[in-house]
Amino acid sequence: MTNNIQAIRGMHDVLPEQTPLWQYAEGIIKEVLAAYGYSEIRLPIVEKTELFKRSIGEVTDIVEKEMYTFDDRNGDSLTLRPEGTAGCLRACLEHGLLHNQVHRLWYYGPMYRHERPQKGRYRQFIQLGVETYGMAGPDIDAELILLIDRLWKRLGVRDKVTLQLNSLGTIAERLDYRNSLVEYFQKYLEQLDEDSLRRLQTNPLRILDTKNPAMQEVVKNAPELMAYLGEDSLQHFKAITSILDDLGITYAINTRLVRGLDYYSKTVFEWVTTELGSQGTVCAGGRYDGLIEQLGGKPNHAVGFAMGMERLLALMETLENIPVARTVDVYLIMAGEQAERIGLRLAETIRNEIPGLKLQVNCGGGSFKSQFKKADKTAAEFALILGDDEVSRGEVAVKALRDDLPQKALSQTDLITFLRDQFKA
């Protein structure tokens, strides 16, 4: 017995019956981004490993444990991108897009992390990333949150997500806080798990994000970063919350909210849900002004967010009515030599006259009964029936597949008018 080759663990297929929901969500996302004036940028999947070591940080879980890194034939160390921010910023620096310019950008595509696969978390996952450059004020931080809020409403999941906000302050403020945090956790070494003991010397803020129930009391009583923020950081954060208050955007301030990447400063936020079990974060982002200089650019301002599509779609699947566009509007059934001879020509005429119509033609023959089964399986709204009798009369029969309506015969000219009216083309 031959063993079939299967997909790599954690790298999943999206099957034809699943793609309509993906396409629906992607269409809404593009409409919302366009409504706010954001432009698409397309980036390589593979980057130099050094890019991620410098941007994400060598002592993060991503760089230490999760990256897919390999040497190419020239001996260069390359990495499948684990996230998109570093690559987007690299492209902007390389092509001179940040010199006295303001940019609102988005990208979309696969990212790669070698972690334990589970629901909503894969080793190859599709991510939407949105990045803005050159804007220092809190208004752009707030705009990104408003954009996401509008996206949730358009997708029908606004009541299933909650916005959490925090500020990480500046690097200097965070360094003071880090020292206090290390001093505090040193008193409770016996209560820290293995990951937290490791992070204590490398990235102690990540201890605050632990999911270990046994550590919650220790974390709860740890010093809070807000007490270490300077006036500028506090005013920036207060201005964001004021904008959100004015526009009726509800949020919760989570002083334990930190991001897993070293480059964040000031604003950080997450949209979380209770619908997906432990994988509750659907969208996350924040400000990362320092990263531009870290990658060799002049000091500048940046803020953005990322959204995992698999988790978003899993959330959408919890809706009672999942909004999915039809993949086929009309199915053309043909039987007889004359019908099959002119059927493809008729289909092309219809497509020429009604460009937006989704018309599928039966290919491969078959009885009327078997063709109707195929038509019904596509979820098409109408079946067009073309037999030799219809050909001789210059007609096409039209049968509604989703409503109990009488079948009718139309001339080809009247058929075009009928379909245009039905599908508002």
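Just so you know, these numbers come straight off a predicted model, no measurement behind them.
The shortest non-hydrogen separation linking D141 to G137 is OD1-O, 3.1 Å. Across every non-hydrogen atom of C92 and L105, the tightest pair is SG-CD1, 3.6 Å. R420 and I354 get closest at one heavy-atom pair: N-CD1, 3.7 Å. Counting all heavy atoms, side chain and backbone alike, V282 lies closest to L312 at CG1-CA, 4.2 Å. Nearest approach of A375 to I333, heavy atoms of both residues: CB-CD1, 4.4 Å. For L21 against E317, the heavy-atom pair with the smallest separation is CD2-CG, 3.7 Å.
Between Y38 and L144 the shortest side-chain heavy-atom distance falls below 4.5 Å. Contact annotation: the side chain of L225 approaches that of L229 to within less than 4.5 Å [non-hydrogen atoms, C-beta and beyond]. Considering only heavy atoms from C-beta on, V32 stays 4.5 Å or farther from I148 through its side chain.
Between S233 and E173, the side chains place a donor N or O and an acceptor N or O closer than 3.5 Å (distance only, hydrogens not considered). Remark: the D193 side chain and the S196 side chain contain an N/O donor-acceptor pair separated by less than 3.5 Å.
The only option from E40, E131, R42 that meets the side chain to side chain donor-acceptor pair (under 3.5 Å) definition with Y107 turns out to be E131.
You'll find the ring centres of F418 and F382 inside the 6.0 Å limit.
Checked by atom type and distance alone, the side chain of R54 pairs as donor or acceptor with a backbone atom of Q294 at under 3.5 Å. T267 contributes no side-chain N or O that, together with a main-chain N or O of R287, makes up a donor-acceptor pair within less than 3.5 Å. A donor-acceptor pair under 3.5 Å links the side-chain atoms of R256 to the main chain of V219, judged by distance alone. No donor-acceptor pair closer than 3.5 Å links the side chain of Q371 to the backbone N or O of L332. Under the 3.5 Å distance criterion, the side-chain polar atoms of R123 are matched with a main-chain donor or acceptor of E115.
The neighbour count for K30 NZ, taken as heavy atoms of other residues, nucleotides or ligands under 6.0 Å away, does not exceed 12. L15 CG: more than 12 foreign heavy atoms inside a 6.0 Å radius. Around the CD atom of E320, the shell of radius 6.0 Å holds no more than 12 heavy atoms that belong to other residues, nucleotides or ligands.
Remark: D232 engages K266 in a salt bridge, criterion side-chain N to carboxylate O under 4.0 Å. Ionic pairing of K373 and D376 is not present here: no N-O contact between side-chain nitrogen and carboxylate oxygen is shorter than 4.0 angstrom. Under the 4.0 Å criterion applied to side-chain N and carboxylate O atoms, E348 and R351 are assigned as salt-bridge partners. The pair R154-D149 does not meet the salt-bridge criterion, since no charged nitrogen lies less than 4.0 angstrom from a carboxylate oxygen.
Classified by interplanar angle (parallel below 30°, tilted 30° to 60°, perpendicular above 60°), the ring pair H12/Y122 is parallel.
The ring-ring contact (aromatic ring centres under 6.0 Å, His included) search around Y288 returns Y263, not counting sequence neighbours.
The side-chain hydrogen bond (donor to acceptor under 3.5 Å, both in side chains) contacts involving residues 91-106 comprise R90-E94, Q101-H103, R104-E143, where partners must be two or more places apart or lie in separate chains.
A distance of 8.0 Å separates CD1 in I45 from CG in L80, rounded to the nearest 0.5 Å.
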Applying side chain to side chain donor-acceptor pair (under 3.5 Å) to T69 and T79, what does each step give before you reach the verdict?
CA-CA 4 Å; T69 297; T79 296; 2.8 Å; yes

